[in-house]
Amino acid sequence: MAGRQAVKAYLDLVSQACRAMLIFLKHNKIPHTVENIAIRKGQHKTPAFTKLNPMQKLPVLEDNGFVLTESDAILKYLATAYNVPDHWYPKLPEKRARVDEYTAWNHTNTHINTSSIFLHEVLLPCMGQPTNPENFEKVLADLDGTLDKLENMFLKNQPFLCGDDISLADLLAVCELIPTCLSSHGLEMDILKDRPKLLSWRNRVQSALSDSFDEAHSVVYQIREKFTAKLSPC
Amino acid sequence: MPLELYLDLHSQPCRSVLLFAQINKIPFEFKAVDLSAGEQYGEEFGKVSIIRKVPVLKDGDFILTESIAILQYLAAKHHTPDNWYPTDLQKRARVDEFLSWQHTNIRTHGSKVFWFRGVMPAVTGVPVPKEKMDAAVEDLNASLKTFEDKFLQSRPFIIGDKISLADLVAIVEIMQPVGTGLDVFQGRPALSAWRDRVKKEIGVEVFDEAHKVIMNVDTLAQTFENKGLPEFLKLKIQRMFN
């Protein structure tokens, strides 16, 4: 859109939602600047950031004075404002509904369960804190249920979650489902490893997003490598 | 073939979908799903949705779950008045923002308080431990504070002068604990005034009718005694407390 000023994205790439937003901006060549807000340093709780977003959460979008939170809302706003290809957020009600269905379901399903895994497998061990094996079993069971539904309710026999083309749904989902790092048993932890259908879906989505995907995930890959190096036998 | 809406009015999202259809005079067939009897786990309902939750919309062969998606679909398909889900980009974004936030805030905490006050005692015969109850109420209070400070502020409705899907979803969620005797509107004059405005826009009778079931939730104990406790409920309760 000619003459339109760049939007500002407040991000911490440890967050799945932030990665989804960055990928979308880059992939669709939407002019933007990034302000990195380091959650681990408490930068989301500074007076300045709290003024911007009283809920102290990321990501945040600022579009020439218009401040928007919640990644669902941000992605849908960007998709419409920048007139991106229709498949991202189709205009036809029946097709749009499928994307809306996923973005709603994501909150209390994919997102919650993968966040728990990340917490148990990556963050707690990295911070040297003990994990709770019993609780972890429950978390794994919940995730299993979520992945079943992802496969049988959304993906089914389609190439992408909502049909023949990639959409916001795939973008949000894939950022939740990248391989994390080593489990406490020293084995590579890929929560999709026993699910060939979801594995090929993930590859398909990653291919469609190519460089933008890798760029956004560089931080996570670094954490993973750092952790791997720590655990490797000498 | 008419539009079918699979609903149980104990469920907040079912109420928002019902009210939206009624307010906008969208013709539909009300397909009752009795959650307290575990009907969502039955064979019939399984054919409609494998997630086994309500609400579900069935429009011919098109089946849709998730109330937010259903509301957005109905608004588009039936060309409802613009204020419900504005075409103005920034106004729409504000509605989407609230509809996204509420999933893990008002919805989660309102539901928990409802379960702890309204369902658990009916099932177990004893109240939930004070510590857990207090924590749940504290979380709900925090959500309500954010709702008032960030989403409502001093506006008549969430996004401005007119009611939208955001207000509809908010009101049904906030009403959930009220049915168990926890009047969250007491001591919150701004919230009460907003509730009155929303009720007026929806239609007081229509609103009260949709909430009749939840306002009589103290009959649940008797219901379980009469029908027996469904297995899924026992399991759910076990998981909640482990």
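Letters A, B, ... are given to chains in the order of the sequence lines, protein chains preceding strands, and every chain is numbered from 1.
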**Asked** Which is it for A/E151 and A/K149 under the salt bridge (Lys or Arg N to Asp or Glu O under 4.0 Å) test, yes or no, and what are the steps along the way?
**Response** CA-CA 5 Å; A/E151 251 189 74; A/K149 296 203 184 86; over 6 Å; no
**Message:** Quick one, A/K138 with A/D142, criterion salt bridge (Lys or Arg N to Asp or Glu O under 4.0 Å). Give me CA distance, side-chain angles, the key distance, then yes/no.
**Reply:** CA-CA 6 Å; A/K138 177 181 180 296; A/D142 286 344; 3.4 Å; yes
**Message:** Assess the residue pair B/K47 and B/E44 against the criterion (salt bridge (Lys or Arg N to Asp or Glu O under 4.0 Å)); give the C-alpha distance rounded to whole Å, side-chain angles, the decisive distance to 0.1 Å, and a yes or no.
**Reply:** CA-CA 6 Å; B/K47 293 179 195 161; B/E44 270 312 298; 3.1 Å; yes
**Prompt:** Between A/Q56 and A/T50, does a side chain to side chain donor-acceptor pair (under 3.5 Å) hold up when you go through it step by step?
**Reply:** CA-CA 6 Å; A/Q56 302 179 331; A/T50 308; 3.1 Å; yes
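Using a 4.5 Å cut-off between heavy atoms, B/T146 contacts chain A through its side chain alone, with no backbone atom that close. If you measure heavy-atom distances from B/Q72 to chain A, the contacts under 4.5 Å come from the side chain alone. Contact annotation for B/S100: both backbone and side-chain heavy atoms come within less than 4.5 Å of a heavy atom of chain A. B/L74 does not touch chain A: none of its heavy atoms, backbone or side chain, sits under 4.5 Å away. For a residue to count as touching a neighbouring chain, one of its non-hydrogen atoms must lie under 4.5 Å from one of that chain's; by this rule B/R107 does not touch chain A.
Per-residue counts of heavy-atom pairs under 4.5 Å with chain A were compared for B/T65, B/T108, B/D59; the largest is that of B/T65. Considering only heavy-atom pairs separated by less than 4.5 Å from chain A, the leading option among B/I68, B/L64, B/D149 is B/L64. When B/V95, B/L89, B/I70, B/L99 are compared by the number of non-hydrogen pairs under 4.5 Å with chain A, B/L89 comes out ahead. For chain B, the option among A/T69, A/D72, A/N152 with the highest count of heavy-atom pairs below 4.5 Å is A/T69.
Between the side chain of A/N28 and the backbone N or O of A/V84 there is no donor-acceptor pair closer than 3.5 Å. Put simply, the side chain of A/S200 gets close to the backbone of A/P196: a donor and an acceptor are under 3.5 Å apart.
Residues B/F98 and B/F147 bring their aromatic ring centres within 6.0 Å. The aromatic ring centroids of B/F151 and B/W194 lie 6.0 Å or more from each other.
At a heavy-atom separation below 4.5 angstrom, chain B is approached by A/P93, A/E94, A/R96, A/A97, A/R98, A/D100, A/E101, A/A104, A/W105 within residues 92-105 of chain A.
Taking the six-membered ring where tryptophan is involved, the planes of A/Y77 and A/F66 are tilted, since the angle between them lies from 30° to 60°. Using cut-offs of 30° and 60° on the angle between ring planes, the pair B/Y73 and B/F62 is tilted.
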